[in-house]
Amino acid sequence: MLTRRRFLTRATAASAAVLAPRAGLAQDDAPRVLRAAASRAQIAPPGYPETALWTFDGSLPGPELRFMQGDRLRLDVVNDIPQPTSVHWHGIRIDNAMDGVPGLTQRPIAPGETFAYDFALPDAGTYWYHSHAQSVEQVERGLYGPLIVEEPDAPEVDADIVLLLDDIRLDQGGEVAEPFDSGFDRSHAGRIGNVVLTNGQTAFSQEVRQGDRLRLRLINAANARIFELGLQGLDAMVVALDGMPLAAPEPAAERLVLAPAQRIDLIADVIAGNGEDAFVIHYDRDGGYAQATFPVSAGTAAARAPVSALPPNPDFPITLAGARTATLLMEGGAMRGLSGAMFNGERRDGRSLAEAGMFWALNGVVGRTVTPLIEAALGETVRIGMANDTAFAHAMHLHGMHFSEVRADGSLGPLRDTLLMAPGETREIAFTAHNPGDWLLHCHMLSHHAAGMGTFVRVT
Ligand code: C2O
Ligand code: CU
């Protein structure tokens, strides 16, 4: 129903609306309030009415929370929506009790109730926060926002720009389409939207100057869409993935893949000329679209110093030898199905699971919540070999600790908290169990998680 401006035929220049910098919440001693409540916003293209949403503090995305590495985040989350909720601080090396997972780390926050989140921010980087209760619906309706932790010695840039990407499925009337529990979405690629947003807008635009050095923080908050992105008029280096600095910056590839929940930090020099536009492009089946537009005005265009690595976060070296190991077999979904699996402690056949809306199993268990996939002592290294025996991609996210991929040659990949697994792939991750608690390991295609794709690891 809703069409987007074609990138290649951008006849109408992006509306010159420059996003006023959102008021970040500055840190001081008083706890602040973050209120989940109904609000409305014009997210559908002109001609459609405003859309009813659930948001934090009345804005989509929620307020940009910006702190300094080493600060404490203290926020009272007030639940003014008609469902229980919770907030997960995605990617933060957090105290387990503050991780925001109902049924695992806290009781859900009932409507009308408040929960005081209070935790340290030990790592710098690009993170985000989102509802972790009925998330298929609550994240879709808008309960998410950026969480930025600055390095005390951050690289100097002319602008630090958060690009929070999302897609949302609207119906013909411009409202968030129901239902949220469609068996089709749950058993296929998840809930893919028909309106693509950057920072809550279909035509996000921000003015820059020729020669500016930008820090672009890309975050994928979509329920299930895997964004394939490109750059135009920007000369960019990737400096961090999922919040964690790369040991050495790498030139941005032609196509950048951003799975649900993943982040990429770029340092990008504006090489487009005065009067031109630079772009972040979103490649879809039918072409390229402007995901973000940067109208360029006159600037210095002076040669810039090479991009250097971000200061590293505290390190938890991974020792593969003698590691504790587990395997994780991912099964189910359309095309393959489940012949049967354990669900709520009972053996159920595929048909009865489908009737209950359950389509996925990890190691033959649907939505494991009682016994962990693996238990490790603090400081041990854990290796998990994962096999995707389904016809769909999955964005596997581990809470509480970042992992590295163990590559085929035994070398370790960059630290990440979410790994995109293509159909048929077998990959292995490893991490040091440095954070005690029960940590969810689940697919961030939110309909998949709701349909059984979750387990957890225990660090004691
Ligand atoms: Cu982004 Cu289980 O979370
Ligand atoms: Cu999945």
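Numbering starts at 1 and runs along the sequence shown. When a ligand or atom number is given, it counts from 1 through the structure's own listing order.
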Tell me, please, if His449 has any N/O/S atom, main chain or side chain, under 2.8 Å from the Cu ion (ligand 2)?
-> no
Look at His442 and state whether any of its N, O or S atoms is less than 2.8 Å from atom 2 (Cu) of ligand 1.
-> yes
Considering only N, O or S atoms of His399, the one closest to atom 2 (Cu) of ligand 1 | NE2
Atom of His90 nearest atom 1 (Cu) of ligand 1 (restricted to N/O/S, atom name only) | ND1
At the Cu ion (ligand 2), what is the angle formed between atom SG of Cys443 and atom ND1 of His448, rounded to the nearest 10°?
-> 130°
His132 backbone or side-chain N/O/S under 2.8 Å from atom 2 (Cu) of ligand 1 = yes
Relative to the ring of His434, is the ring of Phe316 parallel (under 30°), tilted (30 to 60°) or perpendicular (over 60°)?
-> parallel
Verify whether the ring centers belonging to His399 and His442 lie closer than 6.0 Å.
-> yes
SB check Arg217 Asp160 (cutoff 4.0 Å) = yes
Give the name of the N/O/S atom in His444 that lies closest to atom 1 (Cu) of ligand 1.
-> NE2
Side-chain donor-acceptor contact under 3.5 Å, Glu254 with Tyr283 = no
Just say parallel, tilted or perpendicular for the rings of Tyr127 and His402, cut-offs at 30° and 60°.
-> perpendicular
Identify, by name, the N, O or S atom of His394 lying closest to the Cu ion (ligand 2).
-> ND1
Could you go step by step and tell me if Thr85 and Gln138 meet the side-chain hydrogen bond (donor to acceptor under 3.5 Å, both in side chains) rule?
-> CA-CA 8 Å; Thr85 194; Gln138 293 188 15; 2.7 Å; yes
